[in-house]
Amino acid sequence: MVVRSLFFASFRDLAGTGELAVELPAGARVADLVAHLRRPGSPLASIPERPAVAVNLEYAPLGTALADGDVVAFIPPVAGG
Amino acid sequence: MVVRSLFFASFRDLAGTGELAVELPAGARVADLVAHLRRPGSPLASIPERPAVAVNLEYAPLGTALADGDVVAFIPPVAGG
Amino acid sequence: MSPPARACRVTPDAIDPRELLESSVTPSDGAALLFWGVVRNEHGGRAVQSLEYEAYAEMAERKMQQIADEARERFGTGAIRIVHRVGLLAVGEASVGIAVAAPHRGEAYEASRYVIEELKRRVPVWKREGYVDGERHWVPGYTPTVEKGD
Amino acid sequence: MSPPARACRVTPDAIDPRELLESSVTPSDGAALLFWGVVRNEHGGRAVQSLEYEAYAEMAERKMQQIADEARERFGTGAIRIVHRVGLLAVGEASVGIAVAAPHRGEAYEASRYVIEELKRRVPVWKREGYVDGERHWVPGYTPTVEKGD
């Protein structure tokens with residue numbers, strides 16, 4: 001399956017892009033996507049081990065199972081207002 | 001001496017006017033002006049015995065001594081906002 | 001910093017929220033809070049059609065300025081402006097606008113609340129409600145307390 | 001009463017305080033409170049020249065609407081509208097406007113404070129400060145907490 005990964009603010013600066021399509025094995029969870037992005041040599045290797053993540057517009061725990069086409073946004077610490 | 005007495009809102013409705021010039025003996029206090037206005041037969045006979053009063057734009061106790069030309073405003077309960 | 005000239009006003013004109021905010025905020029402020037009092041369609045269970053505000057304008061402006069100064073000192077805010085409208089207002093129109101600018105938002109909330117509560121207690125303004133049946137009456141309010149003993 | 005369509009928005013356009021207030025107030029409201037967040041000229045002792053706001057707009061609007069709905073239910077207010085600006089803002093410009101209408105003022109103060117505090121904790125918006133020397137950096141913020149255990 002393929003999930004859309006979105007990066008904002010400082011995470012986008014690291015990634016060098018706002019969006020990546022990532023292929024993952026069936027049954028993968030958010031934690032697997034995080035591990036994939038943090039692999040040694042990845043531009044996102046330095047993101048937190050447990051980043052805040054939203055799946056399809058809602059904050060979601062790292063154990064959340066992913067499905068093909070899901071949109072997974074990586075949310076650095078927020079600073080609105 | 002003569003003081004200017006101002007009436008607002010329900011007090012003006014009672015007085016039938018917004019302003020009266022009142023002649024008072026030298027040494028008169030606010031309480032004397034109130035007593036004068038509340039005398040039997042006066043249109044203002046029904047105002048409270050101890051109304052809120054401002055002398056020259058500041059709330060003032062009934063014992064305040066008056067001087068010629070003072071402006072004494074009778075302040076019914078306020079309801080701004 | 002001293003407040004702008006005529007920071008507190010009684011006026012027959014409609015209140016402009018943008019002007020109130022922009023004339024209050026300075027570059028060192030991070031927030032402003034605007035209290036916007038509006039005419040409701042009912043009071044004490046009775047349908048209100050209009051509200052007529054009357055003020056002892058000269059004293060009201062002085063009292064509003066005193067309250068604004070107290071709030072600025074007590075809560076450490078930036079500029080505070082208070083505009084109270086007089087005359088005949090329709091339901092939904094603003095009767096009072098209070099802008100409080102501040103470096104940080106906490107002070108703005110406290111000062112704003114202080115100003116509206118004190119305004120209702122001390123500022124010589126009155127309102128007369130007009131009902132749908134044509135009757136009118138003065139809304140009972142607070143009797144201002146005179147600080148010094150009498 | 002349900003809030004007006006698109007009560008909560010992310011926009012690159014300047015925020016209009018009058019529109020925010022007037023679209024929130026209904027005839028049964030007696031007060032509205034407008035929180036107005038503005039760009040300050042300094043942060044952590046450093047002179048700020050501009051602030052650039054970025055949002056995950058679709059999710060930010062959804063979160064702002066959730067917060068508005070929570071506040072309406074919790075404090076019993078009328079309509080709540082939240083508009084957050086994105087893009088490059090100068091000192092003094094408004095980054096966020098929050099209008100809370102209510103029959104009585106007490107609820108408006110509580111709900112307004114709730115909305116701005118929750119907005120800062122949960123809404124996916126970021127800001128990058130630009131200093132006078134040309135340097136820029138992302139302002140450290142809150143890490144949103146995920147409610148369900150992971």
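Labels below follow one simple rule: chain letters A, B, ... track the order of the sequence lines, proteins then strands, and each chain is numbered from 1. Heavy-atom basis, side chains included; hydrogens, waters and symmetry copies ignored.
Taking each heavy atom of I75(A) and P144(D) in turn, the nearest pair found is CG2-CG, 4.2 Å. Nearest heavy atom pair, residue V123(D) against residue V78(A), reads O-CB, 3.4 Å. Here the closest non-hydrogen pair linking A54(A) and M59(D) is CB-SD, 3.4 Å. The heavy-atom pair separating E54(D) from A9(A) by the smallest distance is OE2-N, 3.0 Å.
If you measure heavy-atom distances from Y142(D) to chain A, the contacts under 4.5 Å come from both the backbone and the side chain. In this structure, the portions of T143(D) lying under 4.5 Å from any heavy atom of chain A include both its backbone and its side chain. Proximity to chain A is absent for every atom of A60(D), based on heavy atoms less than 4.5 angstrom apart.
Counting heavy-atom pairs under 4.5 Å between each of P76(A), A52(A), A73(A) and chain D puts P76(A) at the top. Of the listed residues I98(D), V125(D), I116(D), the one with more heavy-atom pairs under 4.5 angstrom with chain A than any other is V125(D). Contact tally against chain A (heavy-atom pairs below 4.5 Å) for R121(D), E52(D), Q66(D): the top residue is Q66(D).
Summarising the geometry, atom OH belonging to Y59(A) is positioned 8.5 Å from atom CZ belonging to R122(D); distances are rounded to the nearest 0.5 Å. The distance from atom CZ of R12(A) to atom CH2 of W126(D), rounded to the nearest 0.5 Å, is 9.0 Å. One finds the CZ atom of F11(A) at 12.0 Å from the CH2 atom of W138(D) (value rounded to the nearest 0.5 Å). To the nearest 0.5 Å, the span separating CG on L57(A) from OH on Y56(D) amounts to 4.5 Å.
Shown here is H36(A), whose NE2 atom has more than 12 heavy atoms of other residues, nucleotides or ligands within 6.0 Å. Counting heavy-atom neighbours within 6.0 Å of E58(D) CD, excluding the residue itself, gives a total of 12 or less.
Without hydrogens or angle criteria, H84(D) side chain to G81(A) main chain gives a donor-acceptor distance under 3.5 Å.
Using a 4.0 Å cut-off between charged nitrogen and carboxylate oxygen, D13(A) and R128(D) count as a salt-bridge pair.
Within the 4.5 Å cutoff, side-chain heavy atoms of E58(A) are placed close to those of R62(D).
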